[in-house]
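Step one of this worksheet: look at the structure below.
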Amino acid sequence: MDIFRIEGPVKLNGSISVNGSKNATLPIMAAAILAPGVSTISNAPDLADISVCIKLLSELGCKIERTDNNAIRIDASVIDNPVGDYEIVRKMRASICILGPLLARCRKAAVSMPGGCSIGLRPVDIHLRGLQQLGAKIKLENGYIIAEAPQGLIGTEIFLGGPFGSTVLGTANVLMAATLAKGKTVIESAACEPEVSDLANFLNKMGAKISGIGSPRLVIEGVKQLHPANHSVIPDRIEAGTFMTAAAITAGTLHLCNCRLEDMMAVVDKLRSIGVDVAAADDGCVVSRTGPLKPADITTQPYPGFPTDLQAQFMALLALAEGNSIIVEKVFPDRYMHVAELNRMAANLRKEGSTILICGAEKLMGAPVMASDLRASAALVVAALAAEGLTIVHRVYHIDRGYEKIEHRLNQVGAKIYRENDSETSKSLLPALAAND
Ligand code: EPZ
C-alpha cells in the first residue's frame, strides 16, 4: 500500500485547475443505462471510484472506453445482466445508484446491499421506499436487493426526507427511475446538491421531462423512451473546497480555475468568517490568507448548508485558529475518524457526541497518521502541509478514490509530498529517546 511522506510547514502559491465532480460523474454514468446507444460524459475525473463504476457498468453489459481527454464513452445498447455484484459494490457504496435506472430500463435488478463504511451505517431504506412507491416489488435475499417491476413503474407523489434530511443518491435513484415511469412523479424533499441538478440536466438532455431542478420539489413527467446524450460534468466543489483549506492553512495564495463559487456559498461564507480572502476571478477564484485564523462554529447540513464532505478539512484548518471552535456533524454523526489522527498531530480536539470542540493550537506537529476515508485523509494532508516536521499518511488509496494525482497538483504550488510504498518507510520517524544514564 502507498503512503505519503509530507514535509511541512509550506506556503502554497500558484494556480490549480479543479477537476470534474466525482459525485456528479457517478450517477450520470448510471443514468446512461436508461437509453440504448452511446452517451459521452466529458470532464470526468480519472479516479479509483470512476474505474470501479466503469467495471460495474461493464458487468451489466455496457461497452465503455475512457478517451484520453477525460471523457467516458458508454454504449448501453445491451444491458443483459442487471446485477450489481457484491465484489464491486463493496468497494464503492455509490454503486447503489444503478438500481433505479436498471429497474426503469430492465424492469428488474439485483444489487448488493452497499453495507456501511467508516463514516456511518449508510442505510438505503429511503431509496427502497421511493422505488416501492413507484410500484417496484423489493425484497432482500442473501445480502442483495431484488427489485422487480414487470408492468413497469407508475408515477406518484413521493416524500424522500429522512431523519438526516434529504438523500443525495436516494434522490438520484428515484429521479432516474421516474423518468420512464407512466405518468407524473413529484419528489418532495429532494436533495438540492449541484450534483443532483447536474444529473437532472443530463437526464433532460436524454429526453426526460424534469422541472424544479435545484429545488427540493422535483416534478417528472414520465416518457416512453430516452435517447443517449453527451454531457460535461460540473466542477468538483468538494475538491475546490479542499484546495481552499490548503491555501488558508498555509497562509498562501491559490488561484483555483474551473471553480463555481455559486455552488459553494456556505463554504465561502465560512472561510471569510475565519479570515480567509476569497475573491471571484474570471474562471474561478483566488483564495488567500494573510492575517490570523479566526475560530468558527460549523454545522453540516444538506445543500445549500455547509457540506459534510468538507467537515474534516475545516477541522484541520480550525485546529490552528486563535480561539475555540465548534463543529457539529448533522449528516453523518459518526464522521469523525480523523479526530484522533489530528490529535496525534498536536491538535486539541474533544468529541462530545456529534460535536467536536476545537481548542486552537499554536502549531501542529508532523506525525505518522492513518487515513480512514476519502475526506478524512484529505484533512490529514491539509494538516500536514502546515505541520512542523514530517508527516507520514498511511493508506492513501482512500485519497486516490476522490482526488486525482493530488500530490502532483499540490507539489506544483509548493507542497512537498512524496508517494512511497509502505515497505520503503524507514524507521526514521522513531523519536530519538534519551539514552539511559
Ligand atoms: C452522497 O452520499 C455523497 N456521495 C457523499 O459523498 C456525501 O457525503 C453525501 O451524499 C451527503 O452529501 C456520492 O454522491 C457518491 P445521503 P449518499 O444519502 O447519497 C441518511 C464523498 O466523500 N440516509 O445524502 O450516500 C444517511 O445515513 C462522499 O464524496 C438514510 O437514512 O448520502 C445520511 O445520514 C461521502 N436512508 C444522510 O441520510 C437512506 O436511504 C445523507 O446521506 C439514505 C440516506
Side-chain angles (χ1 to χ4, degrees), residues 19-31 45 47-50 52-53 56 89 91-100 111 113-133 138 145 158-176 187 189-199 216 233-234 236-242 263 266-267 300-313 329-335 337-338 354 371-379 398-404:
N19 285 345
S21 164
K22 165 181 82 81
N23 290 352
T25 303
L26 292 170
I28 287 172
M29 288 175 71
L47 299 169
D49 271 12
I50 304 298
V52 171
C53 194
L56 180 71
V89 176
K91 293 186 187 120
M92 185 185 65
R93 286 198 60 269
S95 308
I96 188 67
C97 67
I98 63 171
L99 182 57
V111 179
M113 282 287 278
C117 67
S118 59
I119 68 174
L121 293 175
R122 312 301 293 274
V124 292
D125 57 311
I126 304 174
H127 298 237
L128 302 185
R129 194 169 73 229
L131 294 172
Q132 282 171 318
Q133 286 180 271
I138 291 180
I145 300 161
I158 299 169
F159 178 75
L160 269 190
F164 302 94
S166 49
T167 159
V168 171
L169 290 182
T171 301
N173 250 332
V174 174
L175 175 63
M176 289 188 276
I187 301 176
S189 189
C192 303
E193 274 70 3
E195 295 76 26
V196 174
S197 298
D198 204 28
L199 168 65
V233 300
I234 57 172
D236 194 318
R237 62 192 169 99
I238 305 303
E239 179 180 270
T242 304
D263 292 345
V267 176
T300 66
Q301 291 162 325
Y303 192 88
F306 189 92
T308 175
D309 291 350
L310 283 171
Q311 176 256 103
Q313 299 90 318
E329 174 56 67
K330 290 274 192 188
V331 180
F332 292 109
D334 299 326
R335 190 175 197 168
M337 294 290 280
H338 42 286
S354 62
S372 54
D373 63 84
L374 169 52
R375 308 303 175 184
S377 29
H398 288 293
I399 295 182
D400 294 335
R401 292 191 51 190
Y403 295 90
E404 186 178 340

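As the structure lists them, so they are numbered: ligands from 1, and atoms in each ligand from 1.
- Around atom 35 (C) of ligand 1, the closest heavy atom drawn from Arg93, Arg375, Arg335 belongs to Arg335.
- Those atoms of ligand 1 with a heavy atom of Val124 less than 4.0 angstrom away are 39 (C), 40 (O).
- The shortest distance between side-chain heavy atoms of Ser377 and Tyr403 does not fall below 4.5 Å.
- If you check each of Pro123, Gly402, Ala378 against atom 31 (O) of ligand 1, the one with the closest non-hydrogen atom is Pro123.
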List the steps, then state whether side-chain hydrogen bond (donor to acceptor under 3.5 Å, both in side chains) holds for Glu195 with Asn23.
-> CA-CA 6 Å; Glu195 295 76 26; Asn23 290 352; 6.0 Å; no

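- Only one option out of Arg335, Glu193, Glu239 pairs with Asp309 in a side chain to side chain contact (heavy atoms under 4.5 Å, CB included); it is Arg335.
- Polar contact with ligand 1: present for Leu169 (N/O pair, distance under 3.5 Å).
- When each atom of ligand 1 is checked for a heavy atom of Val331 under 4.0 Å away, the hits are 33 (C), 34 (O), 37 (C), 41 (C).
- Each of Leu128, Leu160, Ile158, Val174 was evaluated against Gln133; a single residue qualifies, Ile158, per the side chain to side chain contact (heavy atoms under 4.5 Å, CB included) test.
- A side-chain donor-acceptor contact under 3.5 Å links Asp236 to the backbone of Lys22.
- With ligand atoms numbered from 1 in the order given, ligand 1 contributes 35 (C) to contacts under 4.0 Å with heavy atoms of Ile119.
- Interatomic distance, Arg375 CZ to Thr308 OG1, rounded to the nearest 0.5 Å: 10.0 Å.
- Counting heavy atoms under 4.0 Å from ligand 1, residue Thr308 touches it through the side chain alone.
- Using a 4.0 Å heavy-atom cutoff, Lys22 is listed among the residues neighbouring ligand 1.
- The atoms of ligand 1 that sit less than 4.0 Å from any heavy atom of Ile126 are 30 (C), 36 (N), 39 (C), 40 (O).
- Every atom of ligand 1 with a heavy atom of Leu374 under 4.0 Å away is listed here by number and element: 22 (O), 29 (O).
- The number of heavy atoms from other shown groups lying within 6.0 Å of NZ (Lys330) does not exceed 12.
- Note that CG of Leu169 and CZ of Arg93 are 7.0 Å apart. Values are rounded to the nearest 0.5 Å.
- Interface of Ala94 with ligand 1, defined as ligand atoms under 4.0 Å from a residue heavy atom, comprises 15 (C).
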From CA spacing to verdict: side-chain hydrogen bond (donor to acceptor under 3.5 Å, both in side chains), Glu329, Ser354 | CA-CA 6 Å; Glu329 174 56 67; Ser354 62; over 6 Å; no

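- Those atoms of ligand 1 that come under 4.0 Å of a heavy atom in Val168, given as number and element, are 1 (C), 10 (O), 12 (O), 16 (P), 18 (O), 19 (O), 24 (O).
- Among Leu310, Asp373, Asp309, the residue whose heavy atom lies nearest to atom 7 (C) of ligand 1 is Asp309.
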